[in-house]
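Please read the structure below before turning to the comments.
Naming: A, B, ... by sequence-line order, numbering from 1 per chain. Just so it is clear, the model here is predicted, and its values are computed rather than measured.
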2 protein chains.
Amino acid sequence: MNVYEYLLSYDIKPSVQRIAIMDYLLKHHTHPCIDEIYMALHDDIPTLSKTTVYNTLKLFVEHGAAKMLTIDERNACFDGDTSAHAHFQCKCCGKIFDMPMHINEKAINDIADKGFSVEEIHNYYKGVCPDCKKNNSDKN
Amino acid sequence: MNVYEYLLSYDIKPSVQRIAIMDYLLKHHTHPCIDEIYMALHDDIPTLSKTTVYNTLKLFVEHGAAKMLTIDERNACFDGDTSAHAHFQCKCCGKIFDMPMHINEKAINDIADKGFSVEEIHNYYKGVCPDCKKNNSDKN
DNA sequence: TTCAATTCTGTAATTATTACAATTTTATTT
DNA sequence: AAATAAAATTGTAATAATTACAGAATTGAA
């Protein structure tokens with residue numbers, strides 16, 4: 001399935017901009033922020049507006065085609081991988097990595113039993129990634 | 001232990017402002033944002049500056065006396081309860097509730113085995129709280 | 001009491017995000 | 001194919017959260 005059809009499957013009308021943004025999300029697992037996407041696509045689509053990137057990602061999230069991450073304190077990041085998975089952000093380089101998510105059914109049930117409707121599960125870790133650990137030890 | 005000693009135990013020099021802010025955090029489990037704290041303390045300390053609230057919370061987080069939550073998309077929230085626990089934010093009213101955290105030792109070990117140093121575990125849910133569920137059904 | 005260090009304050013600057021009106025593009029109807 | 005309507009995009013301006021910073025106030029030590 002190409003990106004055009006992929007967007008249609010989420011009830012999103014494909015446009016040049018939307019296809020380019022979704023394509024970027026699907027091909028780059030860097031959990032990009034608005035600016036990363038905007039700058040990356042600016043070469044191909046010089047008329048692209050940052051407002052369009054904002055609007056488009058909001059649309060994607062509303063239609064379930066992307067997820068917004070509020071892991072980074074500075075600004076929102078976006079993930080084209082909508083499957084259940086956890087994340088790890090390196091405090092040193094800021095990169096966000098994908099990690100497997102182990103859903104605890106009992107924990108969810110306990111919350112539901114208290115009368116809460118659970119719609120989203122967020123799970124992430126912070127620490128230092130292997131690369132930064134290596135680089136830091138090299139300095140000594 | 002009073003708040004004065006509590007701050008000292010985290011190597012934080014107590015001042016009128018710091019004591020008031022930590023006291024607010026310890027007594028209110030609402031996961032307040034900067035503005036909530038600022039407005040709540042403004043009556044008692046009319047000279048309080050919002051910059052001081054920012055600086056103080058940053059200091060608390062650095063010393064481990066408070067945790068910053070980036071659950072709410074609008075602005076950062078703060079938690080004086082530094083024990084390991086999860087959260088639930090209601091998409092309707094925005095309130096953040098405390099939930100028990102079930103740490104999955106195996107998941108942490110798997111991440112560590114990949115060469116990552118895990119320093120923080122974040123776990124939260126989003127959905128609708130019991131009160132909002134009730135209010136929404138009342139409208140029908 | 002004097003001096004130095006720390007803390008606090010208020011304003012200005014910065015940055016991310018949103019609002020909105022005008023323009024462009026796309027789809028539909030005649 | 002031209003005219004019309006609807007939707008999407010753009011760019012600028014506004015908003016809001018956060019940070020930078022310099023001066024004032026407070027604290028602690030000599």
Side-chain angles (χ1 to χ4, degrees), chain A residues 3-5 7-8 10-24 31-63 65-78 89 94 96, chain B residues 3-5 7-8 10-24 31-63 65-78 89 94 96:
Chain A
V3 181
Y4 184 93
E5 289 166 347
L7 287 177
L8 284 178
Y10 281 100
D11 268 318
I12 296 166
K13 233 188 247 178
S15 70
V16 173
Q17 292 85 347
R18 289 171 181 179
I19 290 170
I21 294 170
M22 182 51 82
D23 188 60
Y24 187 87
H31 312 89
C33 62
I34 295 286
D35 244 59
E36 178 180 331
I37 299 170
Y38 173 72
M39 291 194 296
L41 301 181
H42 198 263
D43 290 338
D44 284 326
I45 311 172
T47 62
L48 183 68
S49 163
K50 201 178 275 189
T51 300
T52 299
V53 183
Y54 273 102
N55 292 339
T56 302
L57 285 163
K58 192 181 178 187
L59 186 80
F60 287 178
V61 172
E62 284 166 358
H63 285 247
K67 284 186 178 177
M68 193 191 335
L69 307 179
T70 57
I71 297 172
D72 192 283
E73 291 159 23
R74 299 169 188 284
N75 42 36
C77 302
F78 294 88
Q89 183 175 44
I96 295 176
Chain B
V3 180
Y4 184 93
E5 288 165 348
L7 287 176
L8 283 177
Y10 282 100
D11 268 318
I12 297 166
K13 234 187 249 178
S15 70
V16 173
Q17 292 85 349
R18 289 170 181 179
I19 291 170
I21 293 171
M22 182 51 83
D23 187 61
Y24 187 86
H31 311 89
C33 62
I34 295 285
D35 244 60
E36 178 179 331
I37 299 169
Y38 173 71
M39 291 194 297
L41 300 182
H42 199 262
D43 289 338
D44 283 328
I45 311 172
T47 61
L48 183 67
S49 163
K50 201 179 275 188
T51 299
T52 299
V53 183
Y54 273 101
N55 292 340
T56 302
L57 285 163
K58 192 181 179 185
L59 185 81
F60 287 178
V61 171
E62 285 166 357
H63 285 247
K67 284 187 177 175
M68 194 191 334
L69 307 179
T70 57
I71 297 173
D72 192 282
E73 293 160 21
R74 300 169 189 285
N75 42 36
C77 301
F78 295 87
Q89 183 175 45
I96 295 175

Roughly how many Å is it from CD1 in A:I19 to P in D:dT9, rounded to a whole number? 10 Å
Between B:Y38 and B:S49, which heavy-atom pair has the shortest distance, and what is it? CE1-C, 4.0 Å
Could you state the NZ-P distance from B:K13 to D:dT27, rounded to the nearest angstrom? 11 Å
What integer distance in Å separates B:M39:CE from D:dA16:P? 13 Å
Please check this pair: side chain of B:T52 against backbone of B:L48, looking for a donor-acceptor N/O pair closer than 3.5 Å. no
For A:C33 and A:N75, which heavy atoms make the closest approach, and how far apart are they? CB-OD1, 3.8 Å
Quick one: do B:K50 and B:I34 satisfy side chain to side chain contact (heavy atoms under 4.5 Å, CB included)? Show the steps, please. CA-CA 8 Å; B:K50 201 179 275 188; B:I34 295 285; 3.9 Å; yes
Exam field: side chain B:T70 to backbone A:T70, donor-acceptor pair closer than 3.5 Å: yes
Taking B:I96's backbone N and O only, do any of them form a donor-acceptor pair with B:Q89's side chain (distance below 3.5 Å, no angle check)? no
Can a donor-acceptor pair be found, under 3.5 Å and without considering hydrogens, that links the side chain of B:H31 to the backbone of B:C77? no
May I have the distance from B:E73 (atom CD) to D:dA16 (atom P), rounded to whole angstrom? 17 Å
Could you tell me whether the side chain of A:R18 and the main chain of A:I12 form a donor-acceptor pair under 3.5 Å? no
A:V53 vs A:L41, side chain to side chain contact (heavy atoms under 4.5 Å, CB included): CA-CA, chis, key distance, verdict: CA-CA 10 Å; A:V53 183; A:L41 301 181; 5.9 Å; no
Leading and trailing nucleotides of DNA chain C with any atom under 4.0 Å from heavy atoms of chain B: C:dT6 to C:dT11
Mapping B:R74 and B:N55 onto DNA chain D by nearest heavy atom, which one lands closer to the 5' end? B:R74
Selection: residues 44-53 of chain A, any non-hydrogen atom under 4.0 Å of DNA chain D: A:T47, A:L48, A:S49, A:T51, A:T52
Between P of D:dA24 and CD of B:Q17, the distance in whole Å: 18 Å
Write down the distance between OH (B:Y38) and C1' (D:dT18), rounded to a whole number of angstrom. 15 Å
Rounded to the nearest angstrom, tell me the gap between atom OH in A:Y54 and atom P in D:dG11. 16 Å
Round to a whole Å and report the spacing from CG of B:D35 to C1' of D:dA16. 10 Å
